[in-house]
Q: 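Take a look at this one; I'll ask things after.
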Amino acid sequence: MNMSMQHTPVTAEVTRRTKETPSVFTLGLRLCDPELHRAYCFTPGQFNMLYLYGVGEIPISIVSDPDSNDELEHTIRVVGRVTRGFDALKVGDRIGLRGPFGRGWPLNEMRGKDVLLLTGGLGCAPLVSVINYIAERRAEFGRVAILQGVKHMDDLIWRERYAIWDALPDTQVLLAADVAGARWSWHVGLVTELIDQIAFDLTDTRVLLCGPEAMMLASVRKLCASGVAENHIWISMERNMQCALGQCGHCQFGAQFVCKNGPVFCYPQIREHLGVKGY
Amino acid sequence: MRGFIPRNQLQLLISALSAAGYRCIGPQLQDGAIQYLELTDASQFPQGVTEQQSPGSYRISQSDSPRQFAWATGPQALKPYLFAADESLWQVQCDPQGDLHFNAATHVYKPLAVIGVRACDLAALRLQDAHFLREDQTDKAYAARRQDLFLVAVNCTHPAATCFCTSTGDGPNATPETENGDLVLDELDDGFIVQSLSSRGEKIAAGLPLTESTTAQHSSAEQQFKAACVAQTRGLPARDLRPLLNARLQHTRWQDIAQRCLSCGNCTSVCPTCFCYSEQDMPALDGAMSTHVRAWDSCFTQAHSYIHGITIRADTALRYRQWLTHKLAAWHDQYGRSGCVGCGRCISWCPVGIDITEEVAALAAAAQ
């Protein structure tokens, strides 16, 4: 990584802004310095600090393919001042970018193995990046199960992507909604209830989790009871991040700095505090 | 090198440091507290000043003692000189076409010499060094200020009632083993035993008119040290409190503390090891430029744990528990020791007098 890009942003140009839902959009970015753009490399699960001029910086997961030299994609939900500002950007506008930061998904640990990707909530970007990664290199991995839970069926974004993934060889897609109506042909209930429907044995499966912590904790318990080894489970965490360098202290989770030691953790690293209110 | 310098020649130390290119900082009485401020003359040291501290209280008193270092830690010492309370990280210019040009802040400082540093603050400095000068990530501003810092320790002979550095193993004396002082002084009534702890310290000491220190003087210093150890009544039950605290994360004592704690963040401001900071943009009024700054932050604020619409620590019990369990437990995993150096500042400067040693004792006494 270019070390100076860790501390001070570089200029990036908006190449695309795609509306995913009324409150979720994807920004395509290209670093204005062509040398920097060419040299930029990352792992799915890592994030950038994106800066809106005069307003501030926020951490956003990178969802594009790490081997593509096209734009860097960031899927963003509108929640605060910076994200509202990003939602108003036009193609050609300039923002700042620092990164990439943190530790991504353990791709080498997953290669050749069966993989379960389990997520809850609104289109979990850190996990989508690695699902796309696997889909592009399907032969490098064993059997794959993609489990997604949402509160309400209308919260499910990227429906067409689930159909594409479901059509891949040896790939199972299972969806759940707590609240569903007539147009929902999937499971009604919790995403953890879908674990029993996975078509392959879980004992040598690598598991990637992202979503609300209560859901992840319930999943870990059920998976471990189903024979998954604790150190085969990886979890993407979120906390307040301002420096992304492991120094400002906001993202601390027990002894872990989520921005530096995570955001992807192997479950035993965070077992002590996962699901404990206030950490 | 070791020797004795009479009190009336202490000015020569300041002069030697100034001549070596240092800006000298030392303890002075200002606004009713001992503060570390720029000084040029030995008469600025707080002669005859002492203080009384207790939970939620810090009071200065004056005597006719000739001593200039007969007091315990004031609200701040080294931390603000290395980890600035606020500073710029980078600036960005926005040209009329909307293009952005980023520039990192530059860090050029005159070397600093601090006279009168306590052992607890040297220990705190080692902890701040561990955090800001990590092998994989060095904080440029901190590193620039730290690089040429010259430290003159003065062994503490007057611990306050709130002090517990013997319990944490960080005082009351600065020892050569700590490896981050340059000179250490023992204050006696008529002068100082000066000992060098580094080669830089050796050079400065060589320029002082030191006489050989006597056995009687060393014995006085030793007695002072013993008295300063015995005088401390507060303490923590163990150096490593991870098992004790992690077993009590759901204890009702946290709610009890929250009934008293104002969540004001005074403890984190005066703590010499607390390192949290927040970042913020300060746009210029004409819109052509914005400065990205950082400022000390506290885990006692609402914003500290905010994440896309959720506050992880919405109430005071969770914030106090975060502070205490980070300081006394998580720090061991992060930096190999407790984050507390026993300076007692968080006790004295808490507006409602919450005492970290009392809270830990109450948790320890309670069943899991």
Side-chain angles (χ1 to χ4, degrees), chain A residues 3-13 32 49 51-59 76-83 90 92-98 212-213 237-258 260-261 272-273 276-279, chain B residues 89-92 94 97-105 131-132 134 136-137 139-140 142 246 249-250 254 274-284 287 289-290 292 294 297 299 303-310 312-315 317-319 321-322 325-326 329-335:
Chain A
M3 292 301 280
S4 67
M5 265 184 73
Q6 287 199 324
H7 297 102
T8 309
V10 296
T11 313
E13 182 180 334
C32 291
M49 294 299 289
Y51 168 72
L52 181 64
Y53 175 69
V55 183
E57 283 187 307
I58 50 166
I76 301 168
R77 186 159 62 94
V78 178
V79 277
R81 288 195 311 152
V82 178
T83 48
K90 299 180 297 294
D93 283 347
R94 304 292 169 98
I95 68 167
L97 182 151
R98 287 193 292 139
E213 284 164 35
M237 295 290 294
E238 286 185 286
R239 282 297 177 269
N240 184 308
M241 292 178 192
Q242 302 194 16
C243 71
L245 306 167
Q247 288 187 325
C248 79
H250 292 86
C251 70
Q252 289 177 96
F253 185 69
Q256 303 287 358
F257 292 90
V258 174
K260 171 170 76 92
N261 309 119
E272 202 160 21
H273 293 100
V276 179
K277 190 182 173 214
Y279 282 100
Chain B
L89 295 175
W90 40 266
Q91 281 194 340
V92 52
C94 183
Q97 289 73 45
D99 201 2
L100 304 178
H101 306 276
F102 294 90
N103 289 297
H131 181 69
F132 286 114
R134 290 201 327 262
D136 65 322
Q137 188 58 251
D139 186 86
K140 285 178 183 167
Y142 184 95
N246 287 336
L249 297 183
Q250 307 303 335
W254 304 112
C274 272
F275 55 65
C276 285
Y277 62 83
S278 59
E279 297 190 16
Q280 202 186 344
D281 243 51
M282 307 281 276
M289 190 261 279
S290 190
H292 195 74
R294 71 171 171 193
D297 199 4
C299 52
H304 190 276
S305 64
Y306 175 85
I307 178 162
H308 51 62
I310 307 158
I312 307 268
R313 290 180 283 278
D315 62 66
L318 296 177
R319 293 183 205 166
R321 189 187 67 180
Q322 167 66 22
T325 58
H326 176 229
W331 218 297
H332 285 273
D333 298 316
Q334 292 174 337
Y335 298 114

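Here is the naming used below: chain letters follow the sequence lines, and residue numbers restart at 1 for every chain. Source: prediction; values computed, not measured.
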Q: Nearest 0.5 angstrom please: A/R98 CZ to A/M5 CE, how far?
A: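 Here the interatomic distance stands at 10.0 Å.
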Q: Check whether A/C251 gets within reach of chain B through its side chain, its backbone, both or neither, counting any heavy atom under 4.5 Å.
A: neither
Q: Can a salt bridge be assigned to the pair A/R81 and B/D281 using a cut-off of 4.0 Å between side-chain N and carboxylate O?
A: no
Q: By a 4.5 Å heavy-atom criterion (distance strictly below it), what part of A/E13 contacts chain B: side chain, backbone, both, or neither?
A: neither
Q: Please flag which part of B/A303 lies under 4.5 Å from any non-hydrogen atom of chain A: side chain, backbone, both or neither.
A: backbone
Q: Flag the one option from A/H250, A/E238, A/Q242, A/K260 with the top tally of heavy-atom pairs under 4.5 Å to chain B.
A: A/H250
Q: With chain B, which of A/G246, A/G56, A/A12 has the greatest number of heavy-atom pairs at distances under 4.5 Å?
A: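 Greatest number of close heavy-atom pairs with chain B: A/G246.
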Q: Which atoms of A/I58 come close to chain B, meaning under 4.5 Å heavy atom to heavy atom: side chain ones, backbone ones, both, or neither?
A: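 For A/I58, neither part sits under 4.5 Å from chain B.
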Q: Please look at B/R321 and chain A and tell me whether the side chain, the backbone, both or neither of the residue comes under 4.5 angstrom of a heavy atom of that chain.
A: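 Both parts, backbone and side chain.
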Q: Check whether B/D315 gets within reach of chain A through its side chain, its backbone, both or neither, counting any heavy atom under 4.5 Å.
A: side chain
Q: Considering only heavy atoms, which portion of B/L100 lies under 4.5 Å from any heavy atom of chain A: side chain, backbone, both, or neither?
A: both
Q: State whether the side chain of A/Q256 and the backbone N or O of A/N261 hold a donor-acceptor pair below 3.5 Å, judged by distance alone.
A: no
Q: Tell me, for A/Y279 versus chain B, whether the close heavy atoms (under 4.5 Å) come from the side chain, the backbone, both or neither.
A: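 Both backbone and side chain.
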Q: With a 4.5 angstrom heavy-atom cut-off, could you sort out which part of B/Q250 is near chain A: side chain, backbone, both or neither?
A: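 Just the side chain, heavy atoms under 4.5 Å.
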Q: Between chain A and each of B/N103, B/I310, B/N246, count heavy-atom pairs under 4.5 Å; write down the option with the most.
A: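 The answer is B/N246.
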Q: Under 4.5 Å from any heavy atom of chain A, what part of B/H292 do you find: side chain, backbone, both or neither?
A: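 The answer is the side chain of B/H292.
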Q: If I measure from the heavy atoms of chain A, does B/D297 come under 4.5 Å with its side chain, its backbone, both, or neither?
A: side chain
Q: Only counting residues at least two apart or in another chain, list the ones meeting side-chain contact (heavy atoms from CB on, under 4.5 Å) with B/D333.
A: A/A255, B/R242
Q: Considering only heavy atoms, which portion of A/K277 lies under 4.5 Å from any heavy atom of chain B: side chain, backbone, both, or neither?
A: both
Q: Checking side chain to side chain donor-acceptor pair (under 3.5 Å) between B/H131 and each of B/Y335, B/Y142, B/W331, which is the one that passes?
A: B/Y335
Q: May I ask you to say whether A/R239 pairs ionically with A/E213, meaning some side-chain N is under 4.0 Å from a carboxylate O?
A: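 A salt bridge links A/R239 with A/E213.
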Q: Please examine the side chains of B/V92 and B/F102, heavy atoms only from C-beta on, and report whether any two atoms are closer than 4.5 Å.
A: yes
